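Notes for the one structure printed next.
On a predicted model such as this, the values are computed, not experimentally measured, just so you know. In listed order, ligands and their atoms are each counted from 1.
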Amino acid sequence: MILMKDIIREGHPTLRQKAQELQIPLSADDRKLGEELLQYVKNSQDDELMEKYDLRPGVGIAAPQINVSKRIFALHFDEQSGENLSLVAVNPKIVSHSVEKAYLSSGEGCLSVDRSVPGYVPRYARITVKGFDLDGKEFKMRLKGLPAIAFQHELDHLNGIMFYDHINPKDPFHEVENAVAIDRVTVE
Ligand code: NB4
Ligand code: NI
């Protein structure tokens with residue numbers, strides 16, 4: 001299972017690389033990689049496992065964060081969150097997006113960043129995405145709200161981009177034009 005010791009932190013060159021596409025259908029290793037990424041997110045939201053293995057909670061994780069420079073990531077929102085979305089995305093792409101932007105009013109965090117970086121992270125409010133699942137089957141879906149924000153955070157990792165690259169350096173909480181604020185309870 002993926003533990004915090006397996007997660008590389010900012011400063012590691014892999015976090016600034018453009019990750020490689022995967023062969024479809026997936027090899028057994030790549031399928032296992034996808035399953036392990038999703039299992040980390042699920043484990044990190046399980047109070048017992050989170051405690052037992054000292055996991056930082058998350059709603060997503062991307063392969064470059066475990067030093068595997070491949071275009072695959074996992075997202076998991078449990079039932080309680082009301083965002084019923086649990087997926088592994090292979091070779092994901094944003095095929096279209098809204099003009100309207102959105103941002104988490106409490107900012108973002110990252111499992112690869114061991115510090116708080118306050119500020120708004122402007123992203124697209126609604127996106128249409130496509131990619132492949134672990135069975136090599138293509139999927140296409142529309143996302144909005146937190147799932148849209150999380151998908152873009154993870155896709156950024158595949159392109160060597162960190163959330164704070166989007167924060168206005170002069171005024172981190174500068175009002176974002178034509179954007180909607182997404183209120184979240186807590187952001188780790
Ligand atoms: C990715 C997110 C940062 C902003 C929003 C949130 C948490 C992450 C990073 C958008 C994507 C990880 C991957 C959370 C969290 C709410 C849901 C369910 C019960 C606890 C969990 C806490 F932990 N971000 N952490 N950061 N990243 N919500 N929640 N809750 O997920 O670095 O690249 O379990
Ligand atoms: Ni991250």
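Between Asp78 and ligand 1, a contact under 3.5 Å exists for no N or O pair. Between Glu154 and ligand 1, a contact under 3.5 Å exists for at least one N or O pair. Residue His157 has at least one N or O atom closer than 3.5 Å to an N or O atom of ligand 1. Polar contact with ligand 1: absent for Gly58 (N/O pair, distance under 3.5 Å). Considering backbone and side-chain N/O of Ala150, none are found under 3.5 Å from N/O of ligand 1.
Residue Gly109 places a heavy atom less than 4.0 Å from ligand 1.
Residues Thr128 and Lys140 form a side-chain contact, since some pair of their non-hydrogen atoms from C-beta on lies under 4.5 Å apart.
A salt bridge does not link Lys42 with Asp78: every distance from a Lys NZ or Arg NE/NH1/NH2 to an Asp or Glu carboxylate oxygen is 4.0 Å or more. Salt-bridge formation is detected for the pair Arg115/Glu10: a Lys NZ or Arg NE/NH1/NH2 atom is positioned less than 4.0 Å from an Asp or Glu carboxylate oxygen. Salt-bridge annotation for Glu177 and Lys101: absent, with no side-chain N of the basic residue lying under 4.0 Å from a carboxylate O of the acidic one.
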Would you tabulate the side-chain donor-acceptor contacts of residues 32-39 under 3.5 Å, counting partners in other chains and residues two or more places apart, or write 'none'?
| from | atom 1 | to | atom 2 | distance (Å) |
| --- | --- | --- | --- | --- |
| Lys32 | NZ | Glu36 | OE2 | 3.2 |
| Gln39 | NE2 | Asn43 | OD1 | 2.8 |

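When heavy-atom distances to ligand 1 are checked against a 4.0 Å cut-off, His153 comes that close only through its side chain, counted from C-beta outward.
Protein atoms of type N/O/S that fall under 2.8 Å from the Ni ion (ligand 2) number 3 in this view.
The 12-atom threshold is exceeded at CZ of Phe77, counting heavy atoms of other residues, nucleotides or ligands nearer than 6.0 Å.
Of the possible polar contacts, none joining the Ser112 side chain to the Arg9 backbone as a donor-acceptor pair under 3.5 Å is found. Judged by distance alone, the side chain of Asp171 and the main-chain N or O of Phe173 form a donor-acceptor pair under 3.5 Å.
Numbered from 1 in the order shown, with element, the atoms of ligand 1 that lie under 4.0 Å from a heavy atom of Cys110 read 32 (O). Of all atoms in ligand 1, listed by their number and element, those nearer than 4.0 Å to a heavy atom of Gly60 are 12 (C), 13 (C), 27 (N), 31 (O).
With sequence neighbours excluded, the residues that form a side chain to side chain contact (heavy atoms under 4.5 Å, CB included) with Ser27 are Asp29, Asp30.
Residue pairs meeting the salt bridge (charged side-chain N to carboxylate O under 4.0 Å, His left out) criterion with at least one member in residues 144-169, sequence neighbours excluded, are Arg16-Asp165, Arg123-Asp156.
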